[in-house]
Novice: 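I am attaching a structure below and will ask some questions about it afterwards.
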Amino acid sequence: MATSTGRSLVSHDTQKRLQRIAVYLTALLISVFTIIPVYVMVVIAIQSPATTFAGGRVNLLPTQPSLRNFLVLLGSTDTVRYFVNSLVVTLGSTVLSTTIAVAAGYGLTRFDFTGKSLAARAVLFSYMFSPIVLAIPLYVVFSTLGLLNSHFALTLALTAISAPFCIWLMWQYFQTVPIALEESAWVRGASRWRTVRDVVLPVARPGYISAAIFAFAVAWNDFTMARVVMSRDEMYTITVGASLFLDRVSIGWGETMAVSLLISIPPFLIALFLQRYLLQGFSVGGLE
Amino acid sequence: MATSIHLDTVRKEFRTLGNTHVAVDDLSLDIPEGSFTTFVGPSGCGKTTTLRMLAGLETPTSGTVSFGDEDVTDLPPQERNVSMVFQSIALYPHMSVRENIGYGLKIHGVPKAERDERIDEAAEVLQIEAQLEKMPAELSGGQQQRVALGGAFVQDPDVLLLDEPMSDLDAKLKSDLRVEIQRLHQELDTTVVYVTHDQTEAMTMSDQVVLLRDGELAQVDPPKQLFDYPNSEYVAQFIGMPSTNVVDCAVEHRDGETVLVGPGFELSLPAGVDAPTAGRVRLGIRPQYLDVGSAGACRLSVDVEVVETLGTESVVHGRLEDGTPFDVVSDAVDDAVAGDRLDVSFDLADAFVFGEDGETILFGSERAGERSSSPAGTGGVTP
C-alpha cells in the first residue's frame, strides 16, 4: 500500500510545485481584478480624451501622457474645494473616532461599572447598522440643531459610523495589554494619567493605528452621509462631487478618472506611510 | 529607609456574580524592618493578594496595613515608597533597558545625569551593563528578570515586593538569582517581602517564612524553626522536600505505657507525654530522618516503587504494608530497585505526632530531649 510505506501518489517535490502553482494562480486571479481597474484608471486619467479614443477604440497603452484632464478639473470644477472638504471631515472624524475608541476601550477593560456588558453589547449592535439607517435620523437631528451643511455635522455623522467598530477593536486590543505594565508604573509613582501617556498609549499603538486606518477608510470613502448632511454644492466631499461629474455634459471619462486618481492618493499615501509604523508596532506588541 | 510592616486583621473579599470569595481571612502579622520575609503557600492561599495590598494595588475589605507607624491602608500605590517585581516581569516593551530601569526615577524628577549614574550602578550589581541600550525583547528570560529587579531597587524603596519573580525561569537561573537577591538584600536598607509557591525558595532565602493556607496564617517562623517545629500536619507536609511522611496510627495503652500502633510498627511513647489516651493520631516523619537498617528505635518496612538518584543520595518512593505512601531519603539505598522491601528505622526524636484536627500535639525532639533548640511559638527575627 502506498500509504503504509509513507509514499503518496505524487512525490514530495511535485506536491510542492503544485502548491506553488496554486499560489501563483490565485495571486494572478486577484491581481486581474485589482490591478487592471487601477491601471485603466491611471491610463485614462493621464491621457487626453482625444488620445484615449483615437482610432475609434479605447487605447490602454499610454503614448502621449498629458495633464489635460487635471487642468480641466482645476479650471472648470470645484474639485479642489471638494477635496479640501473631504480632507477636513476625514481628518476630524479619524481623530475623533480613534480618541473615542481609545478612551472607551481603556474604560471597558480597566474599570468595572454597572451596565458594562450592556454598553459593550450596544457597541456591537450599533456596528451592524448600515449608514443609511442612521442617515435620516441624523438628518433630523442636525436639521433641528441647525448644523446642516457644516463640516462639524459631517464629522460627527462619519464618527457615528466608524466609532463602534473602532471601539470594539480597541476593546479587544486593550485586553491583550497586560495590566501588570500599568500596575508596575503606578507602584513606581506614576499617576494614572501619566501611565496612560507613558505606557498604555505606546504599547497600544498598533491597535490605535489600525483603528485610525479603519476610521479613515470609512470617512474618506463615505458617500451616504455626505449626500444627506451636505446639500450645498460648495460643501460636497470629493466622493459626492465626483459622482455628480458624470451627470455633466462637459465632463467625460478622462476627467472622471482623473478625479478618481486624486481620490486614491490619500489612501495610497496612508498605506505607504503607516506600513512602517504598523510593522514596527507589531514587533513591539510581539514581546509579551 | 527600611520600614517595618504591620497587618492587623486584614481581610480581602472578592465578589463575583453574587459569590463572595475570601482571599485573605483576618490576617495579622508583623514584618520586622529590614527583614527578608517570604509568603509561601499553594496557589489560591492569598499570598499574592496580601502582597498586592502591601503595594496598594488592592484595598483591604477590612483591617489595617501600616508601614512603621503610618497607616497606609487606603494610600494609593503612588504614595507608598514601595517597589514591586511582577510575576510577568512587566518590562515596558517600547523602552530600552536603561529607560525601563530608570522610569521610576524619571517619574520622581531625578535629573538625567544622576539617573544615569544610578542606573549604571544598578546594572553593574546585576551584571547587565552590556544590555543597557537593548530593548527588552532582545534579552533572555534571566536578563529580563534582572532588569525588572534593577528597576525595583534603583528607587531605593522602603519595601521591596517580589511576586513569584522566578516562576518562569529554569532551575540553574533560579539558583543564581536566589543568591543575587539575597546579596541585594544585604546591601540594601530595605524590607523585602517575597511571594513564592516554592518552599525551597522560601527556606533558602528568608529570615522569616509566612506560610498561608486558604487565606489564613498557618505558621510564621524562621525557616529552621518551621522545618523542625511545624505546628500542624499541613506545615510539616508543605515544608521539606520530599514531603513529610504521614501515617495513621491507633493509640493504645499497655501496662501504663502509651503505644502508637501503625502499619507494621509500634512506637511507645515515654511516660509523661501529653498524648491522647485513645483514638487515632497521625505520625509524621521526614524522609531524611529515616535510617536504612535497624539502628533507630522504631522499625518498619517499605515496599519500593520508584527510586530517584540525586547523586549523593537517593529518594525512594514506596508504600507501607497498608498502602500508605512512604518516602525515604538515604545515601545507602543505591542498589534498591522497584519491588524490593526496604527495612528502615527512626527515633522518636525525629517524629511529629498530629492530632485528628491536624495540629501538632507532640514534637518528638522535645520528649527525647535530643535537640537543644527552643520550642516553636516565637517568631524572633534579627534583621
Side-chain angles (χ1 to χ4, degrees), chain A residues 102 106 108-121 170 173-210 212 274 276-288, chain B residues 14-17 48 51-52 54-58 75-96 99-110 134-139 141 144 147-148 151-157 159-165:
Chain A
V102 169
Y106 184 78
L108 282 169
T109 52
R110 296 298 189 259
F111 298 106
D112 267 320
F113 51 89
T114 38
K116 180 166 148 175
S117 63
L118 187 74
R121 253 176 279 160
M170 286 318 293
Y173 197 85
F174 275 125
Q175 286 177 8
T176 70
V177 177
I179 186 127
L181 287 181
E182 284 158 71
E183 289 177 339
S184 149
W186 299 340
V187 171
R188 291 179 185 203
S191 64
R192 190 176 267 276
W193 179 237
R194 174 110 195 228
T195 304
V196 167
R197 208 188 70 194
D198 286 354
V199 177
V200 177
L201 287 182
V203 173
R205 191 162 67 184
Y208 69 71
I209 286 184
S210 309
L274 286 184
R276 196 165 62 90
Y277 281 89
L278 276 175
L279 291 178
Q280 186 191 353
F282 284 132
S283 74
V284 165
L287 174 70
E288 269 299 319
Chain B
F14 290 105
R15 290 195 186 81
T16 41
L17 298 169
T48 294
L51 193 78
R52 289 171 60 84
L54 295 182
L57 294 169
E58 305 280 355
L75 227 51
Q78 289 90 346
E79 288 168 39
R80 309 179 179 201
N81 190 14
V82 299
S83 282
M84 183 160 169
V85 176
F86 289 77
Q87 186 176 2
S88 60
I89 304 182
L91 296 182
Y92 310 123
H94 57 290
M95 296 185 194
S96 70
E99 290 167 320
N100 260 288
I101 296 178
Y103 183 64
L105 297 175
K106 192 174 160 191
I107 298 279
H108 286 97
V110 177
K134 291 186 183 168
M135 299 305 277
E138 300 171 58
L139 304 184
Q144 291 187 358
V147 174
F153 80 77
V154 77
Q155 272 182 268
D156 212 357
V159 178
L160 177 57
L161 306 170
L162 301 128
D163 184 9
E164 308 206 21

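Because the structure is predicted, anything quoted here is derived from the model rather than measured. Every chain is numbered from 1, with letters handed out A, B, ... down the list of sequences.
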Novice: Can you give me every donor-acceptor pair (side chain of residues 103-110 of chain B, partner residue at least two apart or in another chain, under 3.5 Å) with its distance?
Specialist:
{"from": "B:Tyr103", "atom 1": "OH", "to": "A:Asp198", "atom 2": "OD2", "distance (Å)": "2.7"}
{"from": "B:His108", "atom 1": "ND1", "to": "B:Gly104", "atom 2": "O", "distance (Å)": "2.9"}
{"from": "B:His108", "atom 1": "ND1", "to": "B:Gln155", "atom 2": "NE2", "distance (Å)": "3.4"}

Novice: Sort A:Arg192 into side chain, backbone, both or neither according to what part of it lies under 4.5 angstrom from a heavy atom of chain B.
Specialist: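 For A:Arg192, the contact with chain B is made by the backbone alone.
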Novice: To the nearest 0.5 angstrom, please state how far the OG1 atom of A:Thr195 sits from the CD atom of B:Gln78.
Specialist: 6.5 Å
Novice: Just do the side chain to side chain contact (heavy atoms under 4.5 Å, CB included) check on A:Leu181 and B:Tyr92 with the steps written out, would you?
Specialist: CA-CA 7 Å; A:Leu181 287 181; B:Tyr92 310 123; 4.0 Å; yes
Novice: Quick one: which of A:Arg194, A:Glu182, A:Arg188 has the most heavy-atom pairs under 4.5 Å with chain B, could you say?
Specialist: A:Arg188
Novice: When only pairs under 4.5 Å are counted, which of B:Pro157, B:Pro77, B:Ala55, B:Gly56 shares the most heavy-atom pairs with chain A?
Specialist: B:Pro77
Novice: Which pair of heavy atoms, one from A:Ser184 and one from B:Ala90, lies closest together, and at what distance?
Specialist: OG-O, 4.1 Å
Novice: Applying side chain to side chain contact (heavy atoms under 4.5 Å, CB included), run through B:Met84 and A:Glu183 and close with a yes or a no.
Specialist: CA-CA 9 Å; B:Met84 183 160 169; A:Glu183 289 177 339; over 6 Å; no
Novice: Using heavy-atom distances under 4.5 Å, tell me whether B:Met95 contacts chain A through its side chain, its backbone, both, or neither.
Specialist: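 Answer is side chain: those atoms of B:Met95 sit under 4.5 Å from chain A.
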